[in-house]
Amino acid sequence: MPKPVQFDVDNNAKRDRWKETAKQNYVDLVSSLSPSSEASSQGKHGVNEKVQGSKDIVVTSEDGIMKIVFNRPTKKNAITLQMYEEIMLALKNASTDNSAMTVFTGTGDYYCSGNDLNNLINATGEIQEVARKSAMALREFVSRFIDFPKPLVAVVNGPAIGIAVTLLGLFDAVYASEKATFLTPFTHLGQSPEACSSYTFPKIMGSAKAAEMLLFGKKLTAREAWAQGLVTEVFPESTFESEVWTRLKAYAKLPPNAMKVARELMRKHEKQKLHAVNAEETAVILERLTSEESSNALMNFMSRKAKL
Ligand code: COA
């Protein structure tokens with residue numbers, strides 16, 4: 001029998017509340033991300049509409065660039081369930097519209113602090129079932145990035161955490177401000193790598209460096225991330241925005257079909273592998289989400305004992 005988790009009285013009460021609300025939030029998560037609800041999202045926003053989304057994800061299209069902005073600065077741009085849904089819809093639209101490339105960036109001092117931990121903390125219900133649905137939804141989200149057909153660029157304006165970092169292994173170019181940092185604290189949270197990072201990170205930076213990030217949660221500076229191949233180029237904070245956007249606007253004028261086919265040639269042999277890794281990672285995440293290590297770490301975040 002596994003050892004029962006020992007909580008203090010205060011944490012026990014919080015844990016009970018957490019269990020009670022868990023089911024509904026995860027059901028909401030899955031229904032918001034499942035293929036069937038995507039149709040209703042399309043109905044809501046319209047296919048290939050210039051998606052405005054909620055205020056937390058802002059999507060604009062200009063100069064051949066579809067720009068997707070994490071716009072929740074008071075929460076360090078942490079990604080809520082609604083934001084996941086809007087990002088998937090924006091990617092779907094971007095894959096068929098006439099933009100040449102898609103660029104992610106963040107508003108305020110952070111690029112993105114990763115998954116909103118309240119998505120998990122507030123989740124209720126049978127833990128096995130909600131974890132299964134959560135893992136399925138994550139797999140679907142990541143597969144949209146694997147299959148995305150156009151150049152995908154990140155303009156990392158500040159610190160990036162968790163899935164905001166792991167996804168970068170699926171991007172074509174990552175431009176970082178010198179004040180950006182890169183942190184994947186999965187083991188601190190009792191969780192495991194996602195977005196194919198268990199495959200892309202060792203491939204990009206070598207297994208010894210990838211292990212420091214994915215096993216030990218070492219935070220990289222922008223220059224370290226550049227030296228390890230995760231970042232394409234680092235810019236001084238003062239000129240970051242102007243230099244990067246000038247460059248991207250020039251790139252977006254290149255013949256879009258030539259860029260698409262070049263990209264496809266670079267990626268086609270990897271796609272099947274990436275989907276297999278995605279499936280494997282989400283199977284492990286399913287186990288992790290139900291683990292004592294994970295629930296203890298989330299309780300710590302909630303009680304604000306553990307800041308990363
Ligand atoms: N999920 C939920 N809320 C988050 C968040 C996240 N990933 N990141 C930041 N926030 C919230 C904080 O709870 C806080 O909310 P509040 O003002 O209602 O209390 C607000 O954003 C500002 O963050 P705060 O912690 O006060 O700022 P900070 O500069 O001291 O620390 C972080 C910023 C990002 C280092 C810290 O919030 C943190 O560690 N967040 C968790 C990051 C994480 O583990 N992500 C998942 C990785 S798998």
Side-chain angles (χ1 to χ4, degrees), residues 32-35 37-72 77 79-107 111-112 137-157 160 163-164 166-175 195-196 200 232 244-268 270-271 274-275 278:
S32 71
L33 299 181
S34 68
S37 70
E38 187 186 303
S40 66
S41 291
Q42 279 180 18
K44 197 165 58 189
H45 300 294
V47 176
N48 289 340
E49 180 185 348
K50 275 186 185 174
V51 184
Q52 290 308 312
S54 71
K55 61 179 178 25
D56 296 338
I57 290 288
V58 174
V59 183
T60 52
S61 196
E62 203 182 343
D63 298 320
I65 298 172
M66 167 78 90
K67 187 168 158 188
I68 302 177
V69 183
F70 300 111
N71 186 44
R72 202 179 168 224
N77 296 331
I79 311 173
T80 61
L81 307 182
Q82 172 71 18
M83 289 163 76
Y84 278 113
E85 184 188 1
E86 289 175 12
I87 291 167
M88 289 203 295
L89 181 62
L91 288 177
K92 187 180 178 70
N93 287 343
S95 65
T96 54
D97 71 5
N98 58 7
S99 63
M101 65 172 63
T102 292
V103 180
F104 279 76
T105 192
T107 301
Y111 173 68
C112 173
L138 175 66
R139 183 175 168 183
E140 175 65 15
F141 179 75
V142 171
S143 72
R144 303 293 179 97
F145 284 83
I146 297 172
D147 290 331
F148 191 69
K150 297 178 183 176
L152 202 48
V153 178
V155 173
V156 185
N157 52 297
I163 194 163
T166 53
L167 279 173
L168 297 177
L170 298 173
F171 278 55
D172 299 292
V174 178
Y175 298 119
C196 300
T200 58
T232 310
V244 168
W245 288 108
T246 302
R247 185 182 300 192
L248 288 175
K249 281 177 191 170
Y251 289 166
K253 290 196 176 90
L254 293 168
N257 291 330
M259 283 200 285
K260 265 173 95 168
V261 295
R263 187 175 186 276
E264 178 65 12
L265 284 168
M266 289 168 72
R267 289 176 167 253
K268 64 191 278 192
E270 287 285 52
K271 239 181 213 178
L274 290 170
H275 281 297
N278 187 23

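Worth saying up front: this structure is predicted, and the values here are computed from it rather than measured. Excluded from the calculations below are hydrogen atoms, water molecules and symmetry mates; all remaining heavy atoms, backbone and side chain alike, are included.
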One should read off an interatomic distance between Met101 CE and Asp63 CG, to the nearest 0.5 angstrom, of 11.0 Å
For Val244 and Val153, run side chain to side chain contact (heavy atoms under 4.5 Å, CB included): C-alpha distance rounded to whole Å, both residues' side-chain angles, the deciding distance at 0.1 Å, then the answer.
CA-CA 11 Å; Val244 168; Val153 178; over 6 Å; no
Is any side-chain heavy atom of Leu248 closer than 4.5 Å to one of Ile65?
yes
Within the 4.5 Å heavy-atom criterion, are Asp147 and Lys271 side-chain neighbours or not?
yes
Between Phe171 and Phe104 (judged by ring centroids, cut-off 6.0 Å), do the two rings come close enough to count as a pair?
yes
In Å, rounded to the nearest 0.5 Å, how long is the span from CD1 of Ile146 to CZ of Arg139?
9.0 Å
With rounding to the nearest 0.5 angstrom, report the CG to SG distance, Leu170 to Cys196.
5.0 Å
Might you point out which heavy atoms bring Tyr111 and Thr105 nearest each other, and give the distance in Å?
CE1-CA, 3.7 Å
I want to check something: taking the side chain as every heavy atom from C-beta on, are Val156 and Val174 in contact at a cut-off of under 4.5 Å?
yes
Side chain proximity check, Met88 to Glu140, heavy atoms < 4.5 angstrom:
yes
Considering all heavy atoms, the nearest Pro151-Ala100 contact
CD-O, 3.4 Å
Please round to the nearest 0.5 Å and tell me the distance separating atom CG of Leu168 and atom CZ of Phe145.
9.5 Å
Quick one, Asn71 and Thr107 - any side-chain contact, counting heavy atoms below 4.5 Å?
yes
Please lay out, stage by stage, how Asp97 and Met66 fare under the test side chain to side chain contact (heavy atoms under 4.5 Å, CB included).
CA-CA 9 Å; Asp97 71 5; Met66 167 78 90; 3.5 Å; yes
Note, Val59 side chain near Ile87 side chain (heavy atom, < 4.5 Å):
no
Exercise answer: donor-acceptor pairs, residues 255-266 side-chain atoms, under 3.5 Å, sequence neighbours excluded:
residue: Arg263; atom: NE; partner: Lys150; partner atom: O; Å: 3.1
residue: Arg263; atom: NE; partner: Asp172; partner atom: OD1; Å: 3.2
residue: Arg263; atom: NE; partner: Asp172; partner atom: OD2; Å: 2.6
residue: Arg263; atom: NH1; partner: Phe148; partner atom: O; Å: 2.6
residue: Arg263; atom: NH2; partner: Lys150; partner atom: O; Å: 3.4
residue: Arg263; atom: NH2; partner: Asp172; partner atom: OD2; Å: 3.1

Measuring only between side-chain heavy atoms, which start at C-beta, is Ser143 closer than 4.5 Å to His275?
yes
Quick one: sort the Tyr84 and Phe141 rings into parallel, tilted or perpendicular, breaks at 30° and 60°.
perpendicular
Which of these, Asn77, Ile57, Ile79, sits in a side chain to side chain contact (heavy atoms under 4.5 Å, CB included) with Arg72?
Asn77
Here the gap from Met83 atom CE to Cys112 atom SG, rounded to the nearest 0.5 Å, amounts to 6.5 Å
When every non-hydrogen atom of Ala173 is compared with those of Thr232, the smallest separation belongs to CA-OG1, 3.4 Å
So which atom in Val155 and which in Val103 form the shortest heavy-atom distance, rounded to 0.1 Å?
CG2-CG1, 3.5 Å
